[in-house]
Amino acid sequence: MDSAGNPVKTFAVTTPLYYVNALPHIGSAYTTIAADALARFHRLLGQPVLMITGTDEHGQKIQRTAAARGLEPQAHCDEIVAGFYTLWERLNIAYDRFSRTTAPRHAAIVQEFYQRVWQSGDIYEGRQQGWYCVACEEFKEERELLADKRCPIHTNKSVEWRDEHNYFFKLSNYQEKLSALYAEQPEFIQPVTRRNEVLNFVDSGLQDFSISRINLDWGFPVPTAPEQTLYVWFDALLGYVTALLDDADDPTLENALRQWWPINIHLIGKDILRFHAVYWPAMLMSAGLPLPDRVFGHGFLTKDGQKMGKSLGNTLDPLALVNQYGADAVRFYFLKEIEFGRDGDFSETRFVNVLNADLANDLGNLLNRTLKMASRYCGGKIPKISMDAFTDHHPLAERGANLAGQVQQAYENLAFSEACEAVLSLVRASNKYLDETAPWTLFKQGQQAKTEMVLYAVLESVRLSGYLLAPIVPGLATAIYTQLGFAVDFDQRDIGQQLPFEQHSVWGTLPGDQSLGKASPIFQRIEIPAEVP
RNA sequence: GGCUCAGUAGCUCAGUGGUAGAGCAGGGGACUCAUAAGCCCUUGGUCGCGUGUUCAAAUCACGCCUGAGCCA
């Protein structure tokens, strides 16, 4: 409850729990950056936020990868997980929970959840015969296979023949309920193109799927048949629930679901859409639990227009990228230059161009040039201006007044690039305004009042821009606020209390007479080595 | 084979019935507060192709081509 007695609207967002087969790739970084930006935006709004990420560590593929490396599975997982921690730290990801499916408490949650599904009668024993791809952890239809029985997705791996007695989940029981869900909650699956795919899939008929494997140790035993091991996806999805437990909580569903359930949004790549938009809600229905609000499947990244892949040798290493250019640069490029939901491309030329143009030239230099004038012309303080000076269609005041609403809408729609564009339009207008009013000339002419008004308007526009971009480039936002004389750090979880949205999203908030910090470029231009012809 | 989404300037995209737009990149200019940044001007497009509907089509309909993807 808040002070007025209204229930506080919490916000919980998840990334996938990444499979620890290998160190994190750029796609994992992309999803996580987006989730972090969304979480940070909701923190600005002052909501209690829980951002969940983590790792999915069971399954045959992990067992084999570990064996190939001569390691115990857990040792292998621990090593890979360390790589995730490092990358998230470097990318400035402010997650609240890191959920590992090998955590002891996860076993209890999985067990309890399984029992609920068992009691609803949705689990039965059956026989499963077919070709199995260990890399996919899925059975394949014979006609899907490539020559030499190779998997169509993992083209260098052959599938294996399996003939097993497994436990199945009665997905077929949920076809109508799922269809009703999609109809009643059209925004459950986003974007629309992903939704269409799911509708198409569900309408074509749902088959029960097996939720256990034999001849596999690395996972949880099936509670009703301990000689079998739970299918990795069944336990992985439940990692979202386990993540909700507080440290002090006993690992029960009741405790896990108490505060943050249902999750507001699952952010995923489009490759795991079916698990999140079909299997997962069906499992939850079976267990009698409320469903998440939204599942958003974003697009894939290419590099220089080509699919990335180990076999092509053109992968983009996120850690190398962030080590070279910094967190804000990487975050900004992917969220501003690629429309979230659609496929997008990374090219180094474009990367450098965008960062230089938007962050160094337009935004960074705008603050720098204005700050230096303010220190020279206004004694290093923010000029004290009455808001009355900005009434009649002031180009920045007017634009600034409408900005927060637009940007908020964009963030809520996960239209990060739209949010960036809206803010950048204020930045560009500010540069133009400076040139048109030429405060350096005004000052020489002794027009102190006008000079101060102009500088205030621009400083305030930079502040607002920094505030609204903070979820995407928190480091830059902190630098902007610091140079404007505030003592804040946008990485603080309670930033929405320190700098309330209702106040700081409004143009005209900058306090007059506040002493300015030292001017220093907030984003260095990236110099491209000259091309040798 | 069925379905979905996309195809607009060199690049990334907006525009969804009424004289083709933005940012970046390219070219030129004036300025000097600034990170050789910013500002102004400018080059650049048979809006994938074809047929149809309409006084009028990038926009609507149908067909086709190309790319991405889902399903069988």
Side-chain angles (χ1 to χ4, degrees), chain A residues 140-144 152-153 189-207 269-274 277-278 297-302 304-307 333-378 395 410 415 417-418 420-425 427-445 451 454-455 458-459 462 476 479 483 519-528 531:
Chain A
K140 300 283 167 185
E141 299 292 332
E142 179 134 23
R143 60 181 145 64
E144 292 181 73
I153 295 169
I189 305 163
Q190 292 180 319
V192 171
T193 167
R194 299 274 92 81
R195 178 167 187 271
N196 290 338
E197 279 177 22
V198 171
L199 292 183
N200 192 5
F201 174 72
V202 172
D203 286 346
S204 69
L206 293 177
Q207 311 253 307
K270 62 185 183 180
D271 52 328
I272 52 176
L273 183 66
R274 197 192 296 173
V278 183
H298 66 70
F300 276 178
L301 301 176
T302 55
D304 301 315
Q306 289 203 302
K307 260 187 191 174
Y333 177 84
F334 285 109
L335 293 183
K336 188 257 175 178
E337 256 326 84
I338 294 166
E339 193 188 325
F340 199 67
R342 285 163 65 152
D343 289 353
D345 188 53
F346 176 89
S347 99
E348 190 141 16
T349 307
R350 196 171 140 200
F351 182 86
V352 170
N353 280 342
V354 164
L355 296 172
N356 281 347
D358 293 340
L359 297 186
N361 299 350
D362 283 357
L363 178 60
N365 184 51
L366 175 65
L367 173 64
N368 196 240
R369 64 194 298 212
T370 313
L371 224 41
K372 290 207 174 154
M373 284 189 272
S375 75
R376 210 168 304 157
Y377 308 156
C378 313
S417 77
E418 209 179 300
C420 290
E421 284 298 345
V423 173
L424 284 170
S425 74
V427 171
R428 292 186 191 117
S430 300
N431 272 314
K432 187 182 169 78
Y433 175 73
L434 267 188
D435 277 67
E436 283 171 351
T437 53
W440 49 92
T441 305
L442 292 175
F443 180 74
K444 279 176 202 155
Q445 293 168 344
T451 305
V454 166
L455 293 181
V458 177
L459 289 171
V462 176
L476 288 187
Q483 294 192 22
S520 164
I522 57 169
F523 189 91
Q524 285 294 343
R525 274 179 66 83
I526 302 164
E527 299 302 336
I528 333 170
E531 300 236 0

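If you're wondering where the values come from, they're calculated on a predicted model, not measured in any experiment. Sequence lines set the chain letters: A, B, ... in the order given, protein chains first and strands last, and positions in each chain run from 1. Just so you know, these numbers use all the heavy atoms, side chains as well, and skip hydrogens, waters and symmetry mates.
- Look at the P atom in both B/G29 and B/C13: the space between them is 33 Å, to the nearest Å.
- For A/Ser430 against A/Leu366, the heavy-atom pair with the smallest separation is CB-CD2, 3.5 Å.
- Taking atom P in both B/U51 and B/A57, one finds a spacing of 13 Å when rounded to whole Å.
- Residue contacts shown for A/Arg525 include a base, since a base heavy atom lies under 4.0 Å away.
- Residue A/Lys336 is out of contact with every strand shown, counting any heavy-atom pair closer than 4.0 Å.
- Separation of the A/Phe340 and A/Phe334 ring centroids does not fall under the 6.0 Å cut-off.
- On the P atoms, B/A30 is 41 Å away from B/C49, given to the nearest whole Å.
- Across every non-hydrogen atom of A/Asp345 and A/Tyr333, the tightest pair is O-OH, 2.8 Å.
- As rounded to the nearest Å, B/G18 and B/G2 have P atoms that lie 34 Å from one another.
- When heavy atoms are screened at a 4.0 angstrom cut-off, A/Asp358 is found touching no nucleic acid atom at all.
- The two residues A/Phe300 and A/Asp343 come nearest to each other via the heavy atoms N-OD1, 2.8 Å.
- Considering only the side chain of A/Asp343, B/A68 comes nearest among B/A68, B/G69, B/A14.
- Separating the NZ atom in A/Lys336 from the CG atom in A/Leu424 is a distance of 6.0 Å, to the nearest 0.5 Å.
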Derivation of the side-chain contact (heavy atoms from CB on, under 4.5 Å) call for A/Leu273 and A/Val278: CA-CA 8 Å; A/Leu273 183 66; A/Val278 183; over 6 Å; no

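- Across the protein-nucleic acid pair, A/Glu421 atom CD and B/A14 atom P stand 11 Å apart, rounded to whole Å.
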RNA chain B base-pair string [pairs: Watson-Crick or G-U under 3.5 Å; |: paired with another strand]: ((((((((.[[[[.)..(..]]]].((((.........)))).....[[[[[..)....]]]]]))))))).

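- Shown here for A/Gln524 and A/Ala360, the closest heavy-atom pair between the two residues is C-CB, 4.4 Å.
- Residue-level contact check: A/Glu339 touches the backbone only, with heavy atoms under 4.0 Å from sugar-phosphate atoms and none from bases.
- There is a side-chain donor-acceptor pair under 3.5 Å between A/Arg369 and A/Asn431.
- Residue A/Asn361 places no side-chain atom within donor-acceptor reach of the base of B/A37, judged by atom type and a 3.5 Å distance cut-off alone.
- Side-chain atoms of A/Asp435 come within donor-acceptor range of the base of B/G38, with a qualifying N/O pair under 3.5 Å.
- Across all strands shown, A/Ile522 has heavy atoms under 4.0 Å from base atoms, whether or not it also approaches the sugar-phosphate.
- In terms of position on RNA chain B, the residue among A/Pro521 and A/Val192 whose nearest nucleotide sits closer to the 5' end is A/Val192.
- Of the two residues contacting RNA chain B, namely A/Met373 and A/Glu436, the nearest-nucleotide position lying further toward the 5' end is that of A/Met373.
- Comparing B/A20 with B/A56, their P atoms sit 16 Å apart, to the nearest whole Å.
- Among the atoms of the strands shown, base atoms are found under 4.0 Å from some heavy atom of A/Phe523.
- Within 4.0 Å of A/Asn431, counting heavy atoms only, lie sugar-phosphate atoms of the nucleic acid but no base atom.
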